[in-house]
Protein chains: 2
Amino acid sequence: MLVNDWRERKKAATRQRIQDAAIELFLVKGYEATTVEEIAAAAGVSHMTFFRYFPAKDLVVTADPYDPMIAELVAARPAEEPPLLRLRRALAEGFTYLEERELATVRARARLILDTPALRAQLWQQERDTAELVATALAGGVPDLRFRVLAGAGMAAMTAAVVQWAGDDETASLAELIDRAFQALT
Amino acid sequence: MLVNDWRERKKAATRQRIQDAAIELFLVKGYEATTVEEIAAAAGVSHMTFFRYFPAKDLVVTADPYDPMIAELVAARPAEEPPLLRLRRALAEGFTYLEERELATVRARARLILDTPALRAQLWQQERDTAELVATALAGGVPDLRFRVLAGAGMAAMTAAVVQWAGDDETASLAELIDRAFQALT
DNA sequence: ACCCCATACGTTATCTACTAACATGTTAGA
DNA sequence: TCTAACATGTTAGTAGATAACGTATGGGGT
C-alpha cells in the first residue's frame with residue numbers, strides 16, 4: 001500500500017504544477033490567449049496529460065472544494081433554526097475559517113473568473129449545483145420548491161456579495177458583505 | 001427604404017429557418033451529436049452563414065427575447081411597491097401574456113436546455129444579466145448591494161419555478177409555481 | 001534477481017466549433 | 001448600364017477535446 005501513497009502524491013504534485021502554470025499564464029496573457037499546449041509545456045507534460053487531470057480547460061480554474069463544503073456546514077447546524085438563518089450562519093463559519101489563509105488567492109481567482117466569459121459560464125452552473133446541495137441539506141431529504149427557492153435566494157445573496165467584494169478593493173470585508181446581503185433578504 | 005424592409009424580412013426568414021432546423025435536429029439527435037454543418041445544410045446555407053446569425057452554436061437555442069422584457073415590466077410598475085412585490089407582479093403580467101401562445105414551445109426549449117450541460121451554462125449567465133437589469137430597474141439607477149440581492153433572489157425564485165415546471169408534466173401551471181416560489185421568499 | 005504487469009504518460013490522428021481572408025453574386029440607386 | 005453595398009460562399013487555418021495505440025517506469029510475486 002506504500003506504493004499508492006507515492007503515486008497519489010506524485011499525481012497531486014503534477015496536478016498542482018499544471019494548475020499553477022495555467023493560472024500564472026492566464027494572469028499574464030489572459031485566458032483565451034493561453035493555449036492548453038502552452039500550459040502543458042510550461043508544466044512539463046503533454047496536452048493529453050493536461051486533459052487527464054482537467055477534462056476541460058476551464059476546470060483548471062473553476063475546480064474548487066469550497067462549494068461542497070458549504071452544504072456540509074449547513075447540515076451541521078441545528079435543524080431548528082429557520083432555513084435562511086441556518087444558511088447564513090453556516091456561510092459565516094465557512095468564511096471565517098477561510099479568512100486566515102487563502103483569501104487573497106480566492107479573490108484573484110474570483111476576479112479572473114468574473115472577467116472571463118468562458119469561466120463565468122461554469123461558475124453559474126456550479127452555483128446551481130451548490131444550491132441543490134444546500135436545499136437538500138436544509139430539507140434533510142429531497143427538497144421541495146420552498147427549500148429550493150430559499151437555497152437559491154441564499155446563493156444569490158452570497159454571489160452578489162462575492163461579486164462586489166471581488167470587484168472593489170475599497171469595499172468591506174467579505175464576511176461583512178455577506179452579512180449585509182442576507183440582511184437585505186429579510 | 002423599401003429595400004431595407006425586404007432585406008430585413010429575408011434575413012429574419014433565414015434566421016428563423018436556421019433556428020427551426022437546429023432545434024428540430026437537437027430534439028431528434030441531441031445537441032452534442034448535431035454538428036453546425038448539419039444544421040446549416042438542413043437550412044440550406046453554409047456554416048459561415050450560421051455563425052453570422054448565431055455567433056456560437058448554443059445561441060441558436062438560448063437567444064431569447066423574454067429576459068430583457070422582464071426588466072421593462074418591472075420598470076413599468078409603480079415605484080412605491082416594495083421591490084420583491086414589484087418584481088412578482090411584473091413576472092405575473094409577463095407570464096400571463098405568454099400563456100396564450102407559446103407556452104408549449106417555451107417548455108420544450110426549457111427542457112432541452114436543462115438536459116444539456118453546454119446549454120445550461122449559457123442560461124445561468126443570462127439569468128445573471130437579467131438580474132442586473134432587474135436590479136437597475138428596481139433601483140431606478142445604478143443598483144447597490146441591496147437591490148442586487150433582491151433581484152438575484154427573485155430570479156432564483158423564478159428559476160426554481162421554471163425548473164420544476166419544465167421537469168414535471170403533472171405539476172401546477174407556471175404562473176402558480178412562480179407565485180408559490182415568491183411566497184416562499186417572504 | 002528475475003519477470004510481469006499495472007499505471008502514467010506520450011504520440012498521433014481525428015473531430016468539431018469557430019475565425020479570417022478572399023471571392024462571388026445579387027440588388028439598390030445613380 | 002454601371003457601381004457600390006451587402007449577404008453569402010469557399011477555403012484554409014487554429015484550438016479544444018477525444019480515441020487508439022505505443023512506451024516506460026516502478027512494485028510485487030516467484
Side-chain angles (χ1 to χ4, degrees), chain A residues 1-19 21-23 25-26 28-63 112-113 116-122 125, chain B residues 1-19 21-23 25-26 28-63 112-113 116-122 125:
Chain A
M1 293 303 157
L2 286 172
V3 48
N4 283 345
D5 253 32
W6 178 241
R7 291 214 166 143
E8 289 311 311
R9 294 200 342 186
K10 232 181 125 98
K11 278 171 63 165
T14 49
R15 187 189 161 89
Q16 195 62 44
R17 254 185 19 247
I18 293 172
Q19 195 160 24
I23 292 190
L25 283 168
F26 291 163
V28 173
K29 303 185 45 176
Y31 175 81
E32 315 276 4
T34 304
T35 113
V36 170
E37 213 86 35
E38 288 174 315
I39 300 168
V45 297
S46 79
H47 83 274
M48 275 306 303
T49 300
F50 176 96
F51 282 113
R52 274 192 256 265
Y53 282 91
F54 303 95
K57 184 186 175 187
D58 44 25
L59 293 179
V60 86
V61 182
T62 57
L112 176 60
I113 293 173
T116 310
L119 295 176
R120 265 180 286 169
Q122 276 310 112
Q125 172 65 44
Chain B
M1 292 301 158
L2 286 171
V3 48
N4 283 344
D5 253 31
W6 177 244
R7 289 213 167 143
E8 289 311 311
R9 295 201 339 188
K10 228 177 128 96
K11 278 170 64 167
T14 49
R15 185 188 162 89
Q16 195 62 44
R17 257 187 15 249
I18 293 172
Q19 195 161 25
I23 292 190
L25 283 168
F26 291 162
V28 174
K29 304 185 44 175
Y31 176 81
E32 315 277 3
T34 306
T35 98
V36 170
E37 213 85 37
E38 287 173 315
I39 300 168
V45 297
S46 80
H47 81 274
M48 276 307 301
T49 300
F50 176 96
F51 282 115
R52 276 193 255 265
Y53 282 91
F54 302 94
K57 184 185 176 189
D58 45 24
L59 293 179
V60 86
V61 182
T62 58
L112 176 59
I113 293 174
T116 310
L119 295 176
R120 265 180 287 168
Q122 276 309 111
Q125 172 64 46

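Residue numbers start from 1 in every chain, and the chains themselves are labelled A, B, ... in the order their sequence lines are given, proteins ahead of strands. None of the values given here were measured: they were computed from a predicted structure.
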> So what does B/K10 touch, heavy atoms closer than 4.0 Å: a base, only the sugar-phosphate, or nothing?
Replying inline: nothing
>> Nearest whole Å is fine: how far is C/dC18 P from B/I39 CD1?
In response: 10 Å
> Rounding to a whole Å, what distance do you find between A/L59:CG and D/dA17:P?
Replying inline: 8 Å
> Counting only distance, no hydrogens or angles, is the base of D/dT8 paired donor-acceptor with the side chain of B/H47 under 3.5 Å?
Replying inline: no
> In whole angstroms, how far is the C1' atom of D/dA7 from the CE atom of B/M48?
Replying inline: 11 Å
>> Over all strands shown, is B/T35 touching base, sugar-phosphate only, or nothing at heavy-atom distances under 4.0 angstrom?
In response: sugar-phosphate
> Heavy atoms under 4.0 Å, any strand shown: does A/Y53 hit a base, just sugar-phosphate, or nothing?
Replying inline: sugar-phosphate
>> Please pick, from D/dG9, D/dA17, D/dA19, the nucleotide with the shortest atom-to-atom distance to any side-chain atom of B/V45.
In response: D/dG9
> Starting at CD of A/E37 and ending at P of C/dT11, how long is that distance when rounded to a whole Å?
Replying inline: 10 Å
>> By the 4.0 Å heavy-atom rule, please label A/F54 as base, sugar-phosphate, or nothing.
In response: nothing
> Could you walk me through whether B/K11 and B/Y53 pass the side chain to side chain contact (heavy atoms under 4.5 Å, CB included) check?
Replying inline: CA-CA 9 Å; B/K11 278 170 64 167; B/Y53 282 91; 3.3 Å; yes
>> Main chain of B/D58, side chain of B/Y31: is a donor-acceptor contact present, judged purely on distance under 3.5 Å?
In response: yes
> To the nearest Å, how far apart are A/K57 NZ and D/dT14 C1'?
Replying inline: 12 Å
> Closest heavy-atom contact between B/K57 and B/T34?
Replying inline: NZ-O, 2.8 Å
>> Just checking B/K29: does its NZ atom have more than 12 heavy atoms from other residues, nucleotides or ligands closer to it than 6.0 angstrom?
In response: yes
> What is the distance, rounded to the nearest whole Å, between atom CD of B/E32 and atom P of C/dA17?
Replying inline: 9 Å
> A/F51 has an atom CZ; how far is it from atom P of C/dT11, in whole Å?
Replying inline: 16 Å
>> As a test of reading the structure: which of D/dG16, D/dT10, D/dA7 is closest to the side chain of A/V36, going by heavy atoms?
In response: D/dG16
> What orientation do A/F51 and A/H47 show, parallel under 30°, tilted 30 to 60°, or perpendicular over 60°?
Replying inline: perpendicular
> Nearest-Å distance, CZ (A/R52) to P (D/dA20)?
Replying inline: 13 Å
>> For a quick test of reading the model: is some side-chain N or O of A/T49 closer than 4.0 Å to OP1 or OP2 of C/dA8?
In response: no
